[in-house]
Structures are given as structure tokens and as C-alpha cells.
Amino acid sequence: MRAQPPPPPSWADAGLVSGEAVELDVRVARLGSRVLALLIDAVIQLVLFLLLGAVLAMVALALLGDVLDAALAGALQVVLMVLVLLGYPVVMERFAGGRTVGKLAVGLRVVRADGGPVGVGQSLTRALVGVAVEWPGLVLPLLSWAASVTVMLTDPRGRRLGDLVAGTLVVHSRGAALWRPLPPAPPPLLAWATTLDLTRFDDRLALAVRQYLDRLPQLAEPDRSRLGRALWVEAAAVTSPPPPWSAPDWVYLSAVLAERGRRAALRLGRARAVTATLWPELVPPSAVAPAALRPAAPAVDRLRSAAPEAAPDPVRR
């Protein structure tokens with residue numbers, strides 16, 4: 001087996017280092033992903049403004065019906081807008097780990113410049129700078145928007161003006177790992193793998209085994225053997241029967257995971273074949289399962305197709 005190739009240099013471009021002086025594989029968020037998150041947050045803020053505005057209007061009419069005029073109503077709208085524009089990101093980043101709804105959807109997170117969790121003061125600073133000169137940009141909107149985009153495009157870590165002032169950074173919270181093909185199951189274990197009961201082999205354990213096998217060439221002894229033994233003990237507790245002969249733990253794990261993938265491919269192929277039969281428009285021809293994955297024909301059909309054709313009766317012509 002070959003070791004996994006190193007990731008491209010642009011992946012770990014956040015420049016964050018752990019306490020053990022190890023560079024973290026964290027990518028900074030660039031203009032595209034941040035604009036998408038901003039659009040989602042803008043829609044949510046608009047909905048909040050409309051809902052809270054309706055509630056505030058009813059309360060103001062009930063309490064201040066006699067003194068409520070256009071000037072007071074405009075002042076209340078301005079106060080509500082400021083609360084939504086500032087309160088929404090600050091509250092969300094405080095209680096959602098540096099993420100708003102838009103950042104959650106896109107997979108982004110706000111952290112300190114050193115990688116630590118963002119504080120309330122930093123979130124408030126980011127929001128104040130954003131409202132003033134970025135979005136919606138109360139001070140010279142067009143000029144401030146152009147300056148903000150220029151700063152984000154030229155900064156090595158994609159920071160905007162609010163990040164530079166508050167000392168923060170927006171990073172991707174979802175890793176972009178390279179997955180290489182799993183090692184195939186050894187032929188002597190293929191017959192044993194087909195008899196396995198995998199009903200209790202859940203997705204969590206399968207993901208742990210998948211990650212271990214993917215990083216197996218990069219692990220050093222004795223950690224590789226110790227981790228493989230721990231995973232196999234956990235896998236053996238939820239699978240049966242036991243393996244027929246002694247082999248390294250990673251060999252058993254490869255056989256179990258390969259058999260689980262084979263069964264999943266069979267189920268997917270049968271489902272696609274049924275869908276293609278009932279509704280061919282939903283399944284493109286390339287997505288139909290190959291003959292090896294299609295469900296077997298009924299026994300009657302197989303016998304009928306295998307039976308030779310009856311010879312013509314020479315008497316009854």
C-alpha cells in the first residue's frame with residue numbers, strides 16, 4: 001500500500017498552529033463561500049425584521065396609540081433594524097460556536113486569529129464594522145463595498161475589514177480530505193465475509209474503520225497496531241461468526257468493511273432496477289445497476305428460460 005499523497009498547499013492556508021507546534025489542516029473561507037453565507041443570513045435577518053416589526057407595531061399601538069406618530073414610528077424602526085443587524089450575529093456566534101445560520105449551512109466558523117473561540121466583544125466589533133462600512137454599509141455604501149471586497153481578495157487569509165479590526169478569522173469547519181480506495185479483502189476471507197451478520201455494525205463504527213484504513217500507511221508502530229486492535233475488538237463484538245484463521249487486525253477490518261460496501265451496492269442496484277422498471281424517466285441508463293447487481297429473476301422464469309423449446313409434432317402439421 002502507498003501512503004496518501006500530501007494535500008495541496010492551498011488546503012491548510014489558515015496558518016493555525018496547535019499547542020504542540022503542529023500546523024492544523026484548516027482552510028480559510030474565501031469570498032465565494034462567505035458571500036453565500038451572507039446571503040442566507042440576510043434573508044433570515046429580513047424575516048426577523050418583518051416579524052419583530054409586526055409585533056413591535058402591535059405593542060406600540062396598544063401602549064402608545066395616542067402619542068405614536070410618524071417620527072416615533074421611524075425611530076422605532078431604526079432601533080429595531082440596528083438590533084437585528086447587530087444582535088443576530090453576536091447572539092448566534094456566542095451560542096453556536098462562532099457560526100450563524102448562514103455559516104452553519106455553508107460550513108464556516110468564526111475564530112480568533114490564533115484559532116481560539118471568538119468572544120462576544122470580537123463578535124460585536126465585527127458586526128459594528130460590518131454594518132458601518134461593509135453590509136449594509138451605512139457609510140458610503142458603494143465605496144465601502146468595493147474596499148471590503150478588495151481587502152478580502154488581497155488578504156492572504158481572506159479576512160474582511162471587520163476581521164482585521166476584531167482580530168478574527170473565518171475558516172471552513174468541514175475538512176476536505178482525499179479518500180483513496182480501500183485495500184481489498186483477502187481472498188481467503190471472502191467466503192467468511194459473506195456469512196457475517198452486520199446488522200449491529202453501525203455507521204459510526206464503519207466511519208471509524210474507514211478512516212483508520214485510509215490513514216494506515218501514515219500511522220507508526222505501536223500506535224497502528226494498538227488502534228487496529230481496539231477497532232477490531234469493537235467490530236468483533238457486533239459481528240459474527242469469528243474469523244476462521246489468524247491474521248492482522250487490519251485484514252479483518254478490510255474484509256468486514258468491503259463486505260458491508262458490497263451489500264450496500266447490491267441494495268442500491270436492486271433499488272435502482274426497481275425504480276427503472278416502474279419509472280424509467282427517473283433513472284438515467286448509466287445509473288442502472290449492472291447485471292451482477294440486478295435482482296435475480298424468479299425461479300419460474302429461470303426454469304422457463306433454461307428449458308429447451310418443444311420440438312414440433314410431425315404428426316400434427
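Predicted, not measured: the structure shown is a model, and the values here were computed from it. This chain uses plain numbering: 1 for the first residue, then up along the sequence.
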Within the structure provided, determine whether L83 and Y88 are in side-chain contact (heavy-atom separation under 4.5 Å).
no
- Is the backbone N or O of T194 less than 3.5 Å from a side-chain atom of R263, with the two atoms forming a donor-acceptor pair by type? yes
field: Donor-acceptor contact present, side-chain S33 to main-chain A29, <3.5 Å
entry: no
CZ of R160 to CG of L153, rounded to nearest 0.5 Å, is 14.5 Å
- Query: Got a salt bridge between R34 and D41, using NZ or NE/NH1/NH2 to carboxylate O under 4.0 Å?
  - Reply: no
dist L80:CG -> L56:CG (nearest 0.5 Å) comes out at 6.0 Å
Query raised in the report: Sub-3.5 Å donor-acceptor pair from the side chain of S225 to the main-chain atoms of P222, do we have one?
Result: no
Review point. Does the side chain of P117 reach to within under 4.5 Å of the side chain of V111, using non-hydrogen atoms?
Key: no
Short N-O contact, R204 and E234, less than 4.0 angstrom:
yes
Please check if the side chain of S148 supplies one atom and the backbone of S144 the other of a donor-acceptor pair under 3.5 Å.
no
- Do side-chain atoms of R99 reach the backbone of A96 as a donor and acceptor pair under 3.5 angstrom? yes
When rounded to the nearest 0.5 Å, the distance separating CD of Q45 from OG1 of T100 is 8.5 Å
Audit row: L207, L205, side-chain contact (heavy atoms from CB on, under 4.5 Å) steps and yes/no: CA-CA 5 Å; L207 179 60; L205 181 56; over 6 Å; no
A206 and R260 have their tightest heavy-atom pair at CB-NH1, 3.4 Å
Closest heavy-atom pair, G162 versus T168, reported as atoms and distance to 0.1 Å, is O-OG1, 4.3 Å
Only one of R126, R109, Q122 passes side-chain hydrogen bond (donor to acceptor under 3.5 Å, both in side chains) with E93, and that residue is R126
### Task
Find out if a path of hydrophobic residues (ILVMFWY) with successive side-chain heavy-atom gaps under 4.5 Å connects W135 to L124.
no
| Mind checking whether L161 and L38 sit in one hydrophobic cluster, side chains of I, L, V, M, F, W, Y counted as touching below 4.5 Å? | no
CG (L164) and OG1 (T125) are apart, to the nearest 0.5 Å, by 12.5 Å
When rounded to the nearest 0.5 Å, the distance separating CZ of R229 from CG of L253 is 9.5 Å
Residues V209 and L231: closest non-hydrogen pair is CA-CD1, 4.4 Å
For this session: Treating Ile, Leu, Val, Met, Phe, Trp and Tyr as nodes and any side-chain heavy-atom pair under 4.5 angstrom as an edge, say whether W250 and L198 lie in one connected cluster.
Result: yes
- prompt: Is L257 close to L213 at the side-chain level, that is, under 4.5 Å between some pair of heavy atoms?
  reply: yes
With no hydrogens and no angle check, is any side-chain donor or acceptor of R27 less than 3.5 Å from a backbone partner on H172? no
Between L108 and S173, the two heavy atoms sitting closest are N-OG, 3.9 Å
Q. Is it true that D155 and R157 have a side-chain N and a carboxylate O under 4.0 angstrom from each other?
A. no
Do L63 and V59 have side-chain heavy atoms sitting under 4.5 Å apart? yes
Sidechain-backbone polar pair: W232 side chain, V251 backbone, donor-acceptor under 3.5 Å: no
Residue set satisfying side-chain hydrogen bond (donor to acceptor under 3.5 Å, both in side chains) with R267, at least two apart, ordered chain then number -> none
Tightest non-hydrogen contact, residues P242 and W192, listed as O-NE1, 3.0 Å
task = Identify whether W145 and V35 are in the same connected component of the hydrophobic contact network (ILVMFWY, side-chain heavy atoms under 4.5 Å).
result = no
Handout entry: Criterion side-chain contact (heavy atoms from CB on, under 4.5 Å) on V84 and L52, from CA distance to verdict
Key = CA-CA 9 Å; V84 171; L52 294 178; 4.2 Å; yes
Between I44 and V101, is any pair of side-chain heavy atoms under 4.5 Å apart? yes
Problem - ILVMFWY network linking L50 to M81, side-chain heavy atoms under 4.5 angstrom - result: yes
Checklist entry - Side chains of V170 and V28: closer than 4.5 Å at any heavy-atom pair? => result no
Between the OG1 atom in T195 and the CG atom in L190, the distance rounded to the nearest 0.5 Å is 11.0 Å
Residues A127 and V90: closest non-hydrogen pair is CB-CG2, 4.2 Å
